[in-house]
Amino acid sequence: MNQHERSEKVKWFQNDRFGLFLHWGLYAVPARGEWVRSVEKMPEEAYLPFFDAFDPADFDPAAWARMAKNAGMRYAVLTAKHHDGFCLFDSALTDFKSTNTPFGRDIVREFLDAFRAEGLKVGLYYSLLDWHHPDYPAYGDRQHPMRENEAYRGRAQNFDRYLDYMHGQVRELLTGYGKIDIMWFDFSYDNMCGETWRATQLIQMARSLQPDLITDNRLEGGGGYQGSLLSAQPSFFSGDFACPEQIIPPQGIVDALGRPVAWEACVTMNENWGYCAHDLNYKPAPLLVRKLVECVSKGGNLLLNVGPDARGNFPEQSVQILEQIGRWMRKNSASIYGCGNAQLPKPEWGWLTKKGNTIYAHILERSIGPIAIPPLGGRIKSMRLVRDGSEIQRIEAFNTTNFPGTTFINFGPGHASYPLPDPIDSVVVIEVEP
Ligand code: GLC
């Protein structure tokens, strides 16, 4: 796939900018995060009771989809299988699946139906690691729960059998569930990377089944490394977008030749992906709005995570955060969708996003006196506050006269300083002559 084909396929993704990540599975029951089995080196027998207890009576994917949509999200990615190996879909290749729990339902299918019905694009996360499958390396592996368990030393394993299983499940997801927009593989480490996963074959199969599908870069990357996607000649399975984890790249992301690369920062609301009952360290909604803006201003997306609990509910804090983000998005999403890097120096008071000849000034900080806007390289046709459409005037006052080359605006007349109309982010849309 050449650079051009890649950029065609990611167009919708780069337009939509804001998505929901959903981490859900058996780990919602112990409620200590999705790595609980690994962190606590928990044997399979200790984990299986969560399988028998999995019965999320409140599961309402239509309600989830509405919350995502109301927050201004345009796509969503659900964990079809996480590292623990538990499948949220009715795979013919395993018994370790949601349809065999007391709940008995194909969660992936219900998720896809509900989110598509709200007009969102849909993606599936699929863990390359598998701590349940007997042919996945256990003893001595870097993170397997049984990595130090002597009983697992020298256990007979046939990794090819695991790869057949893994490829088979990806085939199931890409054939039995309609159009999938994103496959989100997770993740590579050490020599568990690239062709160790039979990555060429996997991507060939995925493309033949779903030609428009886009994939992340973790068939050879991980949270902290991006594989060959950023090199001058990405590999066949380098993926279509980079996915920095729990960080926003300081300068956005370009490849070795300086070409911009599609990217998506995946970020938790608190400190865990899977539901964690004691983790109350939620990021405030205003911060998350500003971080979404920062991603867009650097040419990237934000994939914001929710970890539903064992009854199938979003944590109350997440519900409130999504509502608050939605309130801002309903007024200001024109400055997000279809927007990207304005290629102008970052202003001291916030960020710039841009769509064609339209520039959005995201003003986060009140000034002393009028607010200087950066030179925009064209004649300004109009300036309006996005949230109410009101005109923003150019200010010439006694305190601006020393700076004749600079354009000043204000949220009221004259030389004074005014409170910002939106304490989260006051967006001024500036139409510029080309
Ligand atoms: C990591 C973690 C994982 C999470 C993912 C999201 O690689 O292993 O738990 O699903 O990142 O980016």
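Counting starts at 1 for both ligands and their atoms, following the listed order. From a predicted model like this one, the values you see are computed outputs, not experimental measurements.
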What residues sit with at least one heavy atom under 4.0 Å from ligand 1? F21, H23, E34, W35, H82, H83, Y125, W184, D186, F187, R218, E245, C266, W273

Under the salt bridge (Lys or Arg N to Asp or Glu O under 4.0 Å) test, residues paired with D160 that sit two or more places apart: R198

Contacts under 3.5 angstrom, residues 339-347 side chains, donor-acceptor by atom type, not counting sequence neighbours:
| residue | atom | partner | partner atom | Å |
| --- | --- | --- | --- | --- |
| N341 | OD1 | Q343 | N | 2.7 |
| K346 | NZ | G350 | O | 2.8 |

Got a salt bridge between E294 and R290, using NZ or NE/NH1/NH2 to carboxylate O under 4.0 Å? no

Between F51 and F54, is the gap from one ring center to the other below 6.0 Å? no

Can you list the residues that meet the salt bridge (Lys or Arg N to Asp or Glu O under 4.0 Å) rule with E45, with sequence neighbours excluded? none

Using the six-membered ring wherever Trp is involved, compare the ring planes of H83 and Y125 and label them parallel, tilted or perpendicular (cut-offs 30° and 60°). tilted

